[in-house]
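Note sheet for the following structure.
Both ligands and their constituent atoms are indexed starting at 1 by order of listing.
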Amino acid sequence: MRAGALNDDASYRQAVIDNCQIIVAEGEMKWSDIHPARDTYSFEKADTIAAFARQNSLAVRGHTLAWYGGLPAWTDGIATRREAERELTRHIETVASRYRDVIPSWDVINEPLVDAPSGAQNLRDSIWTRKLGAEYLPIALRATAAADPKVRLVLNEYDIEFTGARFAAKRRALLELIRSLRDRDVPLHAVGLQAHLFADRTIDRDGLQAFLAEIAAMKLEVLVTELDVIDFELPGPIETRDAMVAKVAKDFLEAVCEVTPPTAIVTWGLSDRYTWVPIYFTRHDGMPNRPLPLDAQLHRKPLFDVIDDIRRRFA
Ligand code: XIL
């Protein structure tokens, strides 16, 4: 969700209250928003979201503490290993402790892997890998656990669910990464499947279920953290499109729930009125994208019913 919309759009605000138990800040808790200069934090927008959650007895998912993206320019000036460790740890202590009362679960690590893991270097390049190598993961996870001993520590990743060699490689690389953390007793409680689905890709049911069985065997929870369906290459007619969007979400959620019912299903936005999808995946026909459970008028779409039905069946 977006703090601006929460402040300015009463019908959207009400729709969140009516439909959600958990909310997440789309950008307001990312480094660039909350920590714009080395010695300056800017909590206003994140605080708006936290206050809204407190008022309405909602939980907030924290997003995110260690990510290659959404970094303010000043982090380019981090010169040494020591400095990187100090800045990462300080940031996490400050942000994670501030929202302890409303955030039971943090995406500590976001998108650690490259898009096409080949075995050689699977970690995505960032200021953190450049200065700390693979150590940035245990540093971030341990700092979060220290700031809030009760919080669930989540490693969040995308492109885990589809058919194709690139996605199978991503599943393998993610398992390998998680195993290496566990072998070193690094605290971690859950794997977040972002689930930015594409209605024109198929879910690799067997591949995904085999992956989840390994996760479950390691006693890790699974969450769906950023569900939406990217519809930019789907046919225009709305009924056809909404049905295709709902179908891929159903295939995905059923495959997940049959192995490990997720501890949360969080969508990346609630209404098509506010979505990141058109920024990156604009439709060529000029029609608006429809990736989310409610349409731009806040009416329920087939995707809403799919999620509702899954929650009932696998509760
Ligand atoms: C996106 C936000 O929705 C946009 O508003 C922002 O401009 C860029 O980031 N995976 C993630 C999210 O983990 O942080 C991204 O959010 C979407 C993809």
Side-chain angles (χ1 to χ4, degrees), residues 1-9 12 16 20 22-36 42 45-46 48-49 60-73 75 91-92 95 99 103 105-115 123-128 136-137 140 144 152-162 167 170 174 177 190-199 201 222-232 249 252 262 264-282 288-294 296:
M1 70 147 43
R2 299 176 182 178
L6 207 53
N7 282 329
D8 304 341
D9 183 341
Y12 165 75
V16 174
C20 305
I22 301 173
I23 57 176
V24 58
E26 252 187 83
E28 290 81 347
M29 293 185 185
K30 290 174 180 168
W31 277 65
S32 47
D33 275 54
I34 212 167
H35 197 167
S42 167
K45 287 186 283 167
T48 298
I49 291 177
V60 181
R61 295 211 61 254
H63 181 85
T64 175
L65 297 169
W67 187 33
Y68 77 93
L71 289 173
T75 56
H91 173 93
I92 290 176
V95 177
Y99 299 110
I103 298 192
S105 165
W106 263 105
D107 292 331
V108 180
I109 310 289
N110 196 34
E111 304 180 345
L113 298 171
V114 293
D115 277 337
L123 289 181
R124 198 184 275 273
D125 177 66
S126 71
I127 189 70
W128 311 124
Y136 92 88
L137 297 120
T144 313
R152 306 305 278 168
L153 307 169
V154 182
L155 187 155
N156 199 36
E157 189 52 279
Y158 68 97
D159 273 357
I160 301 303
E161 53 275 314
F162 306 116
F167 309 111
K170 197 130 182 193
L174 186 53
L177 180 62
V191 176
L193 305 177
Q194 289 190 357
H196 293 293
L197 306 178
F198 287 73
R201 291 182 189 168
V222 170
L223 296 90
V224 175
T225 53
E226 304 185 15
L227 178 64
D228 57 12
V229 184
I230 293 160
D231 63 340
F232 76 132
F252 168 74
I265 299 176
V266 180
T267 55
W268 202 243
L270 175 63
S271 151
D272 296 334
R273 197 180 286 179
Y274 303 110
T275 162
W276 74 303
V277 171
I279 307 170
Y280 297 88
F281 306 99
T282 319
N289 297 79
R290 299 175 62 84
L292 288 166
L294 302 182

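Look at D159 and R201 and you find a salt bridge, because one of the NZ, NE, NH1 or NH2 atoms lies within 4.0 Å of a carboxylate O, short of that distance.
Residue contact check: H63 has heavy atoms under 4.0 Å from atoms 11 (C), 12 (C), 13 (O), 14 (O) of ligand 1. Close contacts of ligand 1 with K30, meaning ligand atoms under 4.0 Å from a residue heavy atom, involve 1 (C), 2 (C), 8 (C), 9 (O), 12 (C), 14 (O), 15 (C), 16 (O).
The shortest N or O to N or O distance between N110 and ligand 1 is under 3.5 Å. Between Q194 and ligand 1, at least one pair of N/O atoms sits closer than 3.5 Å.
Only the side chain of W268 comes within 4.0 Å of ligand 1, counting heavy atoms alone; its backbone N, CA, C and O stay farther away.
Of the possible donor and acceptor atoms, none in the side chain of R124 sits under 3.5 Å from a partner among the backbone N and O of V114.
Side-chain N/O atoms of D115 and Y158 include a donor and acceptor closer than 3.5 Å.
The only member of V16, L270, V266 that meets side chain to side chain contact (heavy atoms under 4.5 Å, CB included) when paired with I23 is V16.
The single protein non-hydrogen atom nearest to atom 7 (O) of ligand 1 is Y280 OH, 4.4 Å, given as residue, atom name and distance. Protein heavy atom closest to atom 11 (C) of ligand 1, with residue, atom name and distance, is E226 OE1, 3.0 Å. Of the protein's non-hydrogen atoms, the one nearest atom 5 (O) of ligand 1 is E26 OE1, 3.3 Å.
Residue contacts with ligand 1: W67 is included, with a non-hydrogen atom under 4.0 Å away.
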**OP:** Applying side chain to side chain contact (heavy atoms under 4.5 Å, CB included), run through D125 and Y68 and close with a yes or a no.
**Re:** CA-CA 7 Å; D125 177 66; Y68 77 93; over 6 Å; no

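Cation-pi geometry between R2 and Y274 is not met at under 6.0 angstrom from the ring centre and within 45 degrees of the axis.
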